[in-house]
Undergrad: 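One structure, pasted below without further comment.
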There are 2 protein chains.
Amino acid sequence: MKRKITLKQIAKELDVSVSTVSKALKDSREISIDTKDKVKAFAKLYNYKPNNIALSLKNRKTKTIGIIIPEIVHYFFTTVIQGIEHVANEKGYNVIICLSNNSFDKEVLNLEFLANGSTDGFILSVAKETQQKEDYHHINEVISQGMPVVMFDRVIDEVICDKVIISDKHGAFEAVQYLIDQSCKKIALISTVDYVSVGKLRTEGYQEALITNDIPINPELILKIEDVDHSEERIEAFFSDKDIDAVFAVNEKFAVNAIKALTKLGKKIPDDISVIGFTDGVVSKSFIPSLSTVNQHGEEMGAKAASLLIDRLEDKVHEQSFQTTVLNTSLIIRDSVKRKTDSL
Amino acid sequence: MKRKITLKQIAKELDVSVSTVSKALKDSREISIDTKDKVKAFAKLYNYKPNNIALSLKNRKTKTIGIIIPEIVHYFFTTVIQGIEHVANEKGYNVIICLSNNSFDKEVLNLEFLANGSTDGFILSVAKETQQKEDYHHINEVISQGMPVVMFDRVIDEVICDKVIISDKHGAFEAVQYLIDQSCKKIALISTVDYVSVGKLRTEGYQEALITNDIPINPELILKIEDVDHSEERIEAFFSDKDIDAVFAVNEKFAVNAIKALTKLGKKIPDDISVIGFTDGVVSKSFIPSLSTVNQHGEEMGAKAASLLIDRLEDKVHEQSFQTTVLNTSLIIRDSVKRKTDSL
DNA sequence: TTGTAAGCGTTATCAA
DNA sequence: TTGATAACGCTTACAA
């Protein structure tokens, strides 16, 4: 077992000082060619690599980005991470991921821990519980300590920092508008409870589309689900007595469960009822009928968040001006929607 | 902007020495109650938290685990991470994730970088390219430097370390045996190219099941796919001239594509043809017909890998004895398989 | 051209 | 009971 070699050891072996070794390896011209060659050869032979921890301590920067997300077993977050990783690596940063599991306490712990020297800044999407509690002291705390934070997807208006979101409302609007354009009139909405910011925004988009088209909002056609794990039964019960011609669901799972429930009730998708979901995941693509969705472009989101953060870390941006980047969604129409032309 | 406070600053403010502060905060009984109270109060007021980087340097351990995986947009890996995270956090470790994107070079870079002080040990699943090249010097290198490594899923026999795998071969065997038990006789296999270790093992399980049941292995019924991205077309073409009554696919994607292709060809699943896949992901559950699969228990795998690694890090295990943990798979039978009893 | 010393934030040893 | 000092591995201003 050959432990990693340090400057000190090289210095000792070669009978020079530590600073000489350090300088030689950096090709400083303070050092003679001879010594440089000698040192470099030796370093190479023993595969010397500087210790990151020591460098971090010295430079007071770690070159790592902390990501805190509610869950990882989730296609969308996974694509965001991919986007972050890509940009971060390109710019010489590493990425450390912590999961809040949607728990406020764990989010606080993670943030505090990582803020104590482990990372230079954060990219985060807050836990459901945090949105509910409306307690953001932990985030404001790290910001006030001078660590840049970029929020994405589930962002908090009250926290002042850079943000990357998609136009949830507009994405929902477009989807519902599309349904209306295909002559749908009785459009149900399956959403989450309102404290989940994206759920709320998507609900607003739905409502706005209806209003714009002079369709009255019928609260009977709106289902708000609290407990995602039992959404299937909820949705089934909900549909059992409804007369509808389309469904807009605020996530993939709800959309799939809607199709299943409707199929059970003897409805044909898309012939009897059209369905559009939000979030374009693996399931949407492979489902039969393949699911029409609002694509959130997670990777792009991650990439944008990472470059915003890194720009701040490298002081490429004015101290006080924070920006909220709104990324466009795009509507992907697949087989779960009955198109007007189809019926001709 | 209030920067994080350090021991030194506390010492200065309180006009005591740094070591006194350090000891006071650790409740050392060398220090008088009075000073302790004073120091603690001040520390609390300023929200003092020790700097992890300094601690890492001092203790020569970082309390973080490096995870290197080929990709993250992948349900299985995601569940493994979940399992690792869970155990790691419980034992006070953090987790830093790097993606190799299946590239040998990036795997080497990641490993080298993290090995220079950033982590205490590794949990890794090697890149496809690495398996192909059969070059494992980078892994052996970190091991020889005294950093424990635990490999999972895609492991390398030649590298001596702890490993966690599932019984790929046995899982495949069981799946195929199940098909045979349901009276299937012409069972096709959709696999990957052989250098992907798990693909090879699952293929072996398939073959063994046939042999055990005196069914001749028909190479015509075996498809090995190199380019996952275009698997759909390949599978379609493959099936067009085959007479089969069942399909065993080595992953979820292939299974789904098989069902799609067969459906296109006018076959009914499961009535005409039964399908079983490997890896139980989101798609399997929601697909219609829901997919029968060999469940890999990713979370369990991650948890096991993490505890093996942490045991090594904390010297709870004998230096030289490395173990390979073989986790059992479990067969989940859903609608994509026609059961014998169904036909009675 | 090389070396000394201080410092990044902590802890541990030893002396006062 | 408190404090000075060295050390973890590295960089850099300054001295020799």
Side-chain angles (χ1 to χ4, degrees), chain A residues 3-40 42-43 46-64 113-120 145-147, chain B residues 3-40 42-43 46-64 113-120 145-147:
Chain A
R3 274 226 150 283
K4 290 207 82 69
I5 197 167
T6 67
L7 286 188
K8 205 180 187 178
Q9 293 166 46
I10 300 184
K12 195 171 168 194
E13 291 297 324
L14 261 37
D15 209 35
V16 291
S17 78
V18 177
S19 61
T20 303
V21 177
S22 172
K23 288 172 189 163
L25 289 175
K26 303 195 102 78
D27 221 4
S28 155
R29 73 192 105 125
E30 284 181 29
I31 306 296
S32 73
I33 308 259
D34 276 5
T35 350
K36 279 202 270 195
D37 286 350
K38 193 174 62 177
V39 171
K40 283 185 194 163
F42 193 90
Y46 283 90
N47 192 26
Y48 170 78
K49 296 268 161 53
N51 179 307
N52 299 322
I53 294 290
L55 287 179
S56 295
L57 187 59
K58 180 105 247 277
N59 304 330
R60 286 130 140 271
K61 52 176 76 160
T62 60
K63 283 277 193 172
T64 102
F113 180 81
L114 293 186
N116 292 312
S118 304
T119 59
D120 296 342
Q145 284 166 3
M147 310 194 73
Chain B
R3 274 225 149 283
K4 289 207 82 67
I5 197 167
T6 67
L7 287 188
K8 206 179 185 177
Q9 293 167 46
I10 301 185
K12 196 173 168 192
E13 292 297 325
L14 261 37
D15 208 36
V16 290
S17 78
V18 177
S19 54
T20 302
V21 177
S22 173
K23 286 172 190 162
L25 289 175
K26 300 196 107 74
D27 219 6
S28 155
R29 76 193 101 131
E30 284 180 31
I31 307 296
S32 70
I33 309 259
D34 275 5
T35 354
K36 278 201 271 194
D37 286 349
K38 192 174 62 176
V39 171
K40 282 185 195 163
F42 192 91
Y46 284 90
N47 193 23
Y48 169 78
K49 294 272 161 53
N51 179 306
N52 299 322
I53 294 292
L55 287 180
S56 295
L57 186 59
K58 179 108 247 281
N59 302 331
R60 283 126 145 279
K61 50 177 77 165
T62 61
K63 283 276 193 174
T64 103
F113 181 81
L114 293 186
N116 294 142
S118 304
T119 59
D120 296 341
Q145 283 166 3
M147 309 194 73

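The structure presented is a predicted model; accordingly, all values stated were derived computationally and were not measured. Here is the naming used below: chain letters follow the sequence lines, and residue numbers restart at 1 for every chain.
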Undergrad: Rounded to the nearest 0.5 Å, what's the gap from CD1 on Ile10(B) to CG on Leu25(B)? Could you check?
TA: 6.0 Å
Undergrad: Quick one: Lys36(B) NZ to dT1(D) P, roughly how many Å, whole number?
TA: 9 Å
Undergrad: Who pairs with Leu55(A) by side-chain contact (heavy atoms from CB on, under 4.5 Å), at least two apart in sequence or on another chain?
TA: Pro50(A), Asn59(A)
Undergrad: With sequence neighbours excluded, tell me which residues meet side-chain contact (heavy atoms from CB on, under 4.5 Å) with Ser56(A).
TA: Thr62(A), Ile53(B)
Undergrad: Quick one: list whatever passes side chain to side chain donor-acceptor pair (under 3.5 Å) with Thr6(A), sequence neighbours left out.
TA: Gln9(A)
Undergrad: Between which nucleotides of DNA chain C, read 5' to 3', does contact with chain A run, using atoms under 4.0 Å from its heavy atoms?
TA: dT1(C) to dG9(C)
Undergrad: Once side chain to side chain donor-acceptor pair (under 3.5 Å) is applied, do any residues pair with Lys8(B), and if so which ones, sequence neighbours excluded?
TA: none
Undergrad: Starting at the 5' end of DNA chain D, which residue's closest nucleotide do you reach first, Lys8(A) or Ser19(B)?
TA: Ser19(B)
Undergrad: Restricting to side-chain contact (heavy atoms from CB on, under 4.5 Å), what partner residues turn up for Ser118(A), sequence neighbours left out?
TA: Phe113(A), Leu114(A), Asn52(B)
Undergrad: Find the bend of the helix from dT1(C)-dA16(D) to dA16(C)-dT1(D) as the angle between its two terminal axes (five pairs each), to the nearest 10°.
TA: 60°
Undergrad: Can you pull out the residues from residues 20-35 of chain B that lie within a 4.0 Å heavy-atom distance of DNA chain C?
TA: Ser22(B), Lys23(B), Lys26(B)
Undergrad: Can a donor-acceptor pair be found, under 3.5 Å and without considering hydrogens, that links the side chain of Lys4(A) to the backbone of Gly146(B)?
TA: no
Undergrad: Listed by chain and number, what are the ring pair (Phe, Tyr, Trp, His ring centres under 6.0 Å) partners of Phe42(A), not counting sequence neighbours?
TA: Tyr46(A)
Undergrad: Would you kindly give the NZ-to-P distance between Lys12(A) and dG9(D), to the nearest whole Å?
TA: 13 Å
Undergrad: Measuring from atom CG of Asn51(A) to atom CG of Leu57(B), what distance do you get when rounded to the nearest 0.5 angstrom?
TA: 6.5 Å
Undergrad: Tell me which pairs pass salt bridge (charged side-chain N to carboxylate O under 4.0 Å, His left out) where either residue lies in residues 48-64 of chain A, with sequence neighbours left out.
TA: Lys49(A)-Glu112(B), Lys63(A)-Glu314(A)
Undergrad: Any salt bridge (charged side-chain N to carboxylate O under 4.0 Å, His left out) pairs touching residues 11-26 of chain B, not counting sequence neighbours?
TA: Lys23(B)-Glu30(B)
Undergrad: Could you tell me which non-hydrogen atom of Ala24(A) sits nearest to which non-hydrogen atom of Lys40(A), and how far apart they are?
TA: O-CE, 3.7 Å
Undergrad: Near DNA chain C, which residues from residues 49-58 of chain A have a heavy atom under 4.0 Å away?
TA: Leu57(A), Lys58(A)
Undergrad: Which is true for Val16(B) with a 4.0 Å heavy-atom rule: it touches a base, it touches only sugar-phosphate, or it touches nothing?
TA: sugar-phosphate
Undergrad: Any side-chain N or O of Arg60(B) below 4.0 angstrom from OP1/OP2 of dA7(D)?
TA: no
Undergrad: For the CG atom of Asn47(A) and the CD1 atom of Ile5(A), what is their distance to the nearest 0.5 Å?
TA: 9.5 Å
